[in-house]
There are 2 protein chains.
Amino acid sequence: MAKLKAAPSPQTLCPVARAETVVGDRWTVLVLRELFARNHRFEEIQAYTGGTPQMIAARLKTLEVDGLVTRRVYSKRPLRHEYHLTNKGEAFFPVLFALRAFGETWCKSPREGLSMNYTHLTCGKPAGLGPVCQSCGEPLHRADMVAERTPKYQRERDARWEAFKASR
Amino acid sequence: MAKLKAAPSPQTLCPVARAETVVGDRWTVLVLRELFARNHRFEEIQAYTGGTPQMIAARLKTLEVDGLVTRRVYSKRPLRHEYHLTNKGEAFFPVLFALRAFGETWCKSPREGLSMNYTHLTCGKPAGLGPVCQSCGEPLHRADMVAERTPKYQRERDARWEAFKASR
DNA sequence: CTTGTTGCTATGATTTTCATAGTAATATGT
DNA sequence: ACATATTACTATGAAAATCATAGCAACAAG
């Protein structure tokens with residue numbers, strides 16, 4: 001089996017490098033994206049990220065070892081687990097949110113527009129790309145926002161799910 | 001030579017996935033860290049990140065192709081280049097800042113303390129871990145802050161430089 | 001007792017990474 | 001003139017990670 005390498009003991013004081021040993025991997029970030037999107041099952045994560053089962057299994061394992069994710073039994077027979085974010089995992093949200101802002105702003109052609117819109121529950125208006133609410137100026141926290149996908153992006157996600165299901 | 005693979009044409013609307021195709025790599029992030037730290041020369045980046053020359057060369061090339069970095073001639077004979085952030089590259093700062101906050105908060109033993117301290121020039125006081133200034137509450141921008149390393153972390157950096165120089 | 005569901009693991013080809021070493025172009029010192 | 005230093009890489013080969021494809025295990029439902 002692939003060696004299960006969690007974050008190695010830190011050889012630097014640099015906080016960025018420390019963080020990168022834990023979350024500095026494309027698949028890891030995509031897995032976290034799905035957990036933040038409240039998809040907790042293995043197959044959901046696999047379907048929406050498009051990863052191979054080994055990629056997903058390996059990332060979930062290291063995330064668990066690194067303390068960002070916990071496994072929770074949701075069925076005893078057959079034994080099945082769901083994956084949930086711990087507090088440490090939740091703390092990754094600002095990074096994901098900043099990454100999303102970068103992606104929306106710099107990794108799209110102008111006519112594509114945004115793929116996600118966040119509403120700030122505190123003020124009831126659009127939150128924008130952060131870090132503070134575009135409408136009311138307050139710092140944004142995940143708990144105070146709801147995310148909505150554009151129809152086009154939602155359709156892409158649905159298609160991924162269908163394609164995944166069809167391939168079984 | 002290693003294939004020069006810049007971000008492939010996007011197959012998803014997800015802004016996080018788009019961003020990850022550009023910056024979803026440990027070495028890439030460390031290279032960007034050095035550029036934000038105003039180290040613009042190849043050997044500085046190599047020394048402080050600890051990467052092999054190929055790793056650094058490859059990342060700088062893809063960053064250039066992806067438009068986050070420009071090469072600037074600083075010596076005609078011999079021909080030498082410096083690497084600088086473009087606007088797109090500068091836009092990565094919030095991600096790096098959030099990553100640093102995550103690293104400082106969740107990837108250290110309690111007694112290690114912070115490795116870097118930012119001062120908010122707007123108010124003259126400590127900026128904290130963001131996204132808004134801990135002292136005055138204003139949203140933080142890179143241009144309005146100065147970063148200072150703790151002596152211990154600075155010593156680590158100096159040692160890396162010395163070790164690099166000694167190995168040539 | 002066959003088919004479906006969910007969550008993985010096994011295999012082997014391909015790709016990437018890493019450590020070590022070396023090259024190229026030029027300046028600088030003796 | 002000639003050796004040494006500086007800067008920025010490139011070459012090589014072994015080790016590790018990744019990917020696509022396939023398959024398995026444990027049950028439930030019909």
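So you know, we letter chains A, B, ... as the sequences are listed, proteins then strands, and number each from 1. The figures that follow rest on heavy atoms only: side chains count, while hydrogens, waters and symmetry mates do not.
K165(A) comes within contact range of the sugar-phosphate backbone alone, with a heavy-atom separation under 4.0 Å but no base atom that close.
In this structure, L79(A) and W27(A) both approach DNA chain D, and ranking their closest nucleotides by distance from the 5' end singles out W27(A). Taking the nucleotide of DNA chain D with the nearest heavy atom to each of K76(A) and T52(A), the more 5' of the two is matched to T52(A).
Checking T49(A) against E34(A) by side-chain atom types alone, no donor-acceptor pair falls below 3.5 Å.
What separates CZ of F42(A) from C1' of dA25(D) is a distance of 14 Å, to the nearest Å. Summarising the geometry, the separation between CZ on R72(A) and P on dG7(C) is reported as 15 Å, rounded to the nearest angstrom.
Neither OP1 nor OP2 of dT7(D) sits under 4.0 Å from any side-chain N or O of R77(B).
No N or O donor and acceptor, one from the side chain of E82(B) and one from the base of dT7(D), sit under 3.5 Å apart. You'll find a donor-acceptor pair under 3.5 Å spanning the side chain of R80(B) and the base of dT7(D), going by distance alone. Counting atom types as modelled, Q46(B) pairs no side-chain N or O with a base atom of dT7(D) as donor and acceptor under 3.5 Å.
Under the 6.0 Å cut-off for aromatic ring centres, F97(B) and Y118(B) qualify, their centroids lying closer than that.
A salt bridge does not link E162(A) to R155(A): none of the charged side-chain nitrogens sits closer than 4.0 Å to a carboxylate oxygen. For R142(A) and E90(A), the salt-bridge test passes: some basic side-chain N is under 4.0 Å from an acidic carboxylate O.
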